[in-house]
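Everything on this sheet refers to the single structure shown next.
Computed from heavy atoms alone, side chains included, the values below leave out hydrogens, waters and symmetry copies. Counting begins at 1 with the first residue of the sequence.
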Amino acid sequence: MQIGCSAPTSGPLIEPDSLLRIATEAEALGFDYVTVSDHVMIPTSIASRYPYSDSGEFPSGAAAPRLEQLTAAAFIAAATRKLRIVTSVMVVPHRPAVLTAKILASIDFLSKGRLTLGIGAGWCEEEFIAIGAPPFAERGAVTDEFMAACMELWTADEPKFTGKYVQFKDVLFPPKPPQGKIPIWVGGESGPALRRTAKYGDAWYPIGTNPQFPMDTLTRFKAGVAKLRGLTEKAGRDPAAVTLAYRVSSNPEAQPKGSVDGERKLFTGGAADYAGDIKALRDVGVTAFDFGLFGTDAEATVGNLRRFRDDVVMKVR
């Protein structure tokens, strides 16, 4: 079982010394991986609904300073030796497919195989327009084709590809990622996200707090896993080939203990509740968990990491 935490890519903690300290302390404390999030920019006027809040509002807004995700991932990789870096998640249509494949292969090569690629199709239409991404309405098809192109470039000796959005031939693509195909964790809780996971994902990577597709109780999560297993088999793959990861955006004590239809709401309450939820989900098959443990500054964040290690991680390992 792997336990991860978030590294800052927006807000006051992105100063180089703060980011460096959080990442290196996470490694020293025994966390298995850090996550880095992805927004190039947030427009000042958004009609798109953010999936993970009841209000639909994006919590950090447009004004927060923001690092480019893959640059931050490379910075963290250079400062660490064992820590894995997970994109959580990379919005696939935001970057051209071949360039993305090269950047990811380069990070994996320079980190000696420590990259995990969490992916999503995106939710903010205004951001797509602002950065010149492909049409928002086609984001699902773009995501699948871009990832197919990446996998071709990473694995084929003489890669070639002919699609609607990507075409290449007569090319070589060294260096390949040391891992071969970089592991792909598919984020999202909707039907398309599950079908994408079943088709080519190495892991399903939901967040429990999506109001439209909640995975916030053991019963709901088990139902999602059962649906995924059926879709994976239908896609002609061994259901056991797709592992399970689970993302939690908050730290212990952030939400009081809650329930849904008389059943305990996952990852509410304190450290003992978190440890119990990890054990319960581990029994269902979850092999990776990550948590948002940010404090007001780097010192407070490191304190949160230490407490979580002592009060939660040490209780489940």
[X]/[Y] ion pair, N-O < 4.0 Å:
{"X": "Asp216", "Y": "Arg220", "result": "yes"}
{"X": "Glu57", "Y": "Arg49", "result": "no"}
{"X": "Arg264", "Y": "Asp277", "result": "yes"}
{"X": "Arg84", "Y": "Asp32", "result": "no"}

Which heavy-atom pair separates [X] from [Y] by the least distance, and what is that distance?
{"X": "Ile182", "Y": "Pro177", "result": "CG1-CB, 3.8 Å"}
{"X": "Val34", "Y": "Ala7", "result": "CB-CB, 4.2 Å"}
{"X": "Glu189", "Y": "Ile207", "result": "OE2-N, 2.8 Å"}
{"X": "Ala79", "Y": "Leu20", "result": "CB-CD1, 3.1 Å"}
{"X": "Ala198", "Y": "Leu228", "result": "N-CD1, 4.1 Å"}
{"X": "Trp204", "Y": "Gly188", "result": "NE1-O, 2.8 Å"}

Check: [X]/[Y] side-chain N/O donor and acceptor closer than 3.5 Å:
{"X": "Arg237", "Y": "Thr232", "value": "no"}
{"X": "Ser88", "Y": "Tyr205", "value": "yes"}
{"X": "Thr35", "Y": "Arg247", "value": "yes"}
{"X": "Thr9", "Y": "Gln69", "value": "no"}
{"X": "Arg114", "Y": "Thr80", "value": "yes"}
{"X": "Asp311", "Y": "Tyr274", "value": "no"}
{"X": "Glu68", "Y": "Thr71", "value": "yes"}

Applied to residues 161-177, the side chain to side chain donor-acceptor pair (under 3.5 Å) test, sequence neighbours excluded, yields Glu138-Tyr165
Would the distance check show the side chain of [X] and the main-chain N or O of [Y] forming a donor-acceptor pair, the cut-off being under 3.5 Å?
{"X": "Lys315", "Y": "Asp310", "result": "yes"}
{"X": "Arg139", "Y": "Gly122", "result": "yes"}
{"X": "Glu27", "Y": "Leu83", "result": "yes"}
{"X": "Asn210", "Y": "Tyr52", "result": "no"}
{"X": "Gln255", "Y": "Phe267", "result": "no"}

Look at atom CG of Asp54 and say whether more than 12 heavy atoms of other residues, nucleotides or ligands are closer to it than 6.0 Å.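 Not buried by this count: 12 neighbours or fewer within 6.0 Å.
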